[in-house]
Amino acid sequence: MCIRDRLANDFDNAFGEMTPQAAAGLLLSNHSYGVPAGNVSIPFLGSYSNGARALDQLLYNTPYYMPVYSAGNDRNTGVNPGDNGYDLLTGDKTAKNNIVVAAVNQVNNYTGPNSVVMSNFSSWGPTDDGRVKPDISAKGVNTYSSVANSNNSYSSYNGTSMAAPSVTGTLALLQELYSDIHGNFMKSATIRALVIHTASEAGTAPGPDYRFGWGLLNAEAAAVTILEEDYESLIDELTLDNTGTYERTVTSNGVDPLVVTIAWTDPPGNLSSAEDDTTPRLINDLNVVLEDASGTLHYPWRFVPGFLSSPPFKQVNDVDNVEKVEIDVPAGDYIIRVTHMGSLLDGLSLIHI
């Protein structure tokens with residue numbers, strides 16, 4: 001099964017074009033545009049807006065469709081200086097179910113988090129309710145690309161608009177690889193979980209942050225995860241019912257870190273009601289933990305909403321619709337356990353590990 005169909009649209013009627021195309025089976029789309037942070041009021045920055053809610057509704061209705069958005073280039077434009085470069089995302093870039101991309105410098109040889117250098121323009125998150133946005137980072141500085149002067153014109157540009165297409169193209173290749181093996185494509189939450197699961201660490205502290213997201217896109221690691229499925233990795237698309245629990249025992253090899261990532265396509269949340277409204281937009285609140293042989297629970301990364309530059313910590317996450325548990329030095333067997341808080345809308349939620 002190959003990805004062959006390609007469509008090109010302008011952005012004047014983006015949502016009106018995305019809706020029928022997604023319903024017809026569109027898998028991926030790239031959105032290298034957006035509303036500049038300087039064109040909106042400060043309360044709008046990071047808020048869960050009508051555009052974000054409408055996008056989440058579309059993606060909830062079309063579970064295989066994943067749009068990829070550029071984060072924006074507003075960090076050093078003098079907008080919202082009180083937040084020191086944070087809280088600059090606008091419009092549908094604050095949705096829950098899409099992928100938003102930050103721009104970093106080219107990484108010629110990754111040797112650790114310090115290898116990933118942030119651009120001087122990429123807009124930082126988070127959303128007002130403290131979700132991790134942007135989701136992922138990719139090269140967006142001095143990127144050589146086609147331009148519109150002629151059919152064979154190329155030039156180099158800077159911008160998150162250059163970073164996002166490299167992510168979209170990578171997702172297309174991963175979908176094609178998966179379909180070659182399985183005969184079908186991954187759901188959008190699965191591929192979001194996959195690229196977050198395999199991202200290379202970036203930033204000054206372990207775990208995600210509101211600058212780089214979950215780290216640097218690592219296409220090779222994502223592809224290897226697909227190729228090593230059922231040997232060194234697991235990729236499952238599961239349904240969790242109301243009051244249900246999912247459990248699975250896995251055995252670490254005692255050498256490599258043990259990482260479990262879940263993601264799900266969440267129903268649209270309630271609109272922001274005030275500036276910097278930290279009320280979670282999450283509707284279906286799933287939780288994942290790993291339990292070791294001694295009964296110790298290992299929790300996913302999370303942030304406290306409102307603390308923009310604080311490092312993440314490990315505890316129950318009631319904000320994000322992606323959760324990642326990492327154990328650097330595992331030993332023995334672990335139980336993966338997925339539960340939920342409250343009631344699940346529609347009585348179930350699809351989880352992707």
Side-chain angles (χ1 to χ4, degrees), residues 37 45-46 68-76 79-90 93-96 98-105 107 110-141 160 163-164 167 192-193 195-218 221 257 259 261-263 276 278 280-282 299-328:
L45 299 175
V68 179
Y69 284 78
S70 57
N73 309 317
D74 296 312
R75 195 171 79 256
N76 284 316
V79 178
N80 198 19
D83 284 336
N84 297 314
Y86 294 93
D87 193 15
L88 289 171
L89 301 181
T90 64
K93 302 177 195 297
T94 65
K96 294 178 286 185
N98 58 347
I99 290 177
V100 178
V101 184
V104 297
N105 286 266
V107 180
Y110 180 86
T111 57
N114 290 336
S115 302
V116 188
V117 179
M118 175 57 61
S119 67
N120 64 4
F121 52 82
S122 189
S123 292
W124 293 347
T127 61
D128 286 348
D129 62 339
R131 283 179 285 116
V132 177
K133 289 285 181 179
D135 299 277
I136 202 79
S137 298
K139 179 188 175 182
V141 178
T160 58
V167 174
R192 183 161 57 95
V195 296
I196 288 172
H197 183 86
T198 56
S200 298
E201 181 68 54
T204 55
D209 63 35
Y210 296 144
R211 301 167 296 160
F212 298 91
W214 292 92
L216 179 70
L217 177 72
N218 189 329
V259 182
T261 306
I262 68 169
D276 294 332
T278 59
R281 304 297 126 185
L282 201 60
Y299 291 96
W301 295 106
R302 68 157 298 168
F303 289 91
V304 174
F307 292 84
L308 300 179
S309 58
S310 297
F313 61 98
K314 296 180 178 181
Q315 193 47 264
V316 174
N317 187 327
D318 60 356
V319 175
D320 294 282
N321 62 325
V322 58
E323 298 190 0
K324 185 176 184 180
V325 183
E326 298 183 89
I327 303 175
D328 292 334

| said: Show, in sequence, the C-alpha distance, side-chain angles and deciding distance for L45 and V79, and conclude whether the side chain to side chain contact (heavy atoms under 4.5 Å, CB included) test is met. | reply: CA-CA 10 Å; L45 299 175; V79 178; 4.2 Å; yes
| Of all residues at least two apart in sequence or in a different chain, which pass the side chain to side chain donor-acceptor pair (under 3.5 Å) check with N105? | none
| message | Restricting to non-hydrogen atoms, name the atom on A202 and the atom on G215 that form the minimum distance, rounded to 0.1 Å. | response | CB-CA, 4.1 Å
| request: Over all heavy atoms of both residues, which pair between N218 and S200 is shortest? Give the atoms and the distance, please. | output: ND2-OG, 3.1 Å
| message | I'd like to know if the side chain of S122 reaches the main chain of A102, judged simply by a donor and an acceptor atom lying under 3.5 Å from each other, with no hydrogens or angles considered. | response | no
| field | Backbone of N321 reached by a side-chain donor or acceptor of K96 within 3.5 Å | value | no
| task | Only counting residues at least two apart or in another chain, list the ones meeting salt bridge (charged side-chain N to carboxylate O under 4.0 Å, His left out) with R211. | result | D209
| query | Is a donor on one side and an acceptor on the other found under 3.5 Å between the side chain of R75 and the backbone of S119? | reply | yes
| Are any side-chain N or O atoms of N317 and backbone N or O atoms of R302, one a donor and one an acceptor, separated by less than 3.5 Å? | no
| said: For T261, is there any backbone N or O sitting under 3.5 Å from a side-chain donor or acceptor partner on E323? | reply: no
| message | Please check: side-chain N/O of N98 versus main-chain N/O of K93, any donor-acceptor pairing under 3.5 Å? | response | no
| query | Just checking, any donor-acceptor pair under 3.5 angstrom between side chains of T160 and N73? | reply | yes
| field | Side chain D135, main chain V100, donor-acceptor under 3.5 Å | value | yes
| query | Are any side-chain N or O atoms of D87 and backbone N or O atoms of N80, one a donor and one an acceptor, separated by less than 3.5 Å? | reply | no
| request: Would you please indicate if the ring centroids of W124 and Y210 are separated by under 6.0 Å? | output: no
| N/O donor-acceptor pair under 3.5 Å between D320 side chain and V132 backbone | yes
| query | Which heavy atom of A263 sits nearest a heavy atom of A193, and at what distance? | reply | CB-CB, 3.7 Å
| Nearest atoms (heavy-atom pairs only) where T127 meets R131 | OG1-N, 3.0 Å
| query | How far apart are the C-alpha atoms of F212 and V104, what are their side-chain angles, what is the distance that settles it, and do they pass the side chain to side chain contact (heavy atoms under 4.5 Å, CB included) test? | reply | CA-CA 8 Å; F212 298 91; V104 297; 3.8 Å; yes
| query | Just by modelled atom types, is the N76 backbone N or O under 3.5 Å from a matching donor or acceptor in the N120 side chain? | reply | no
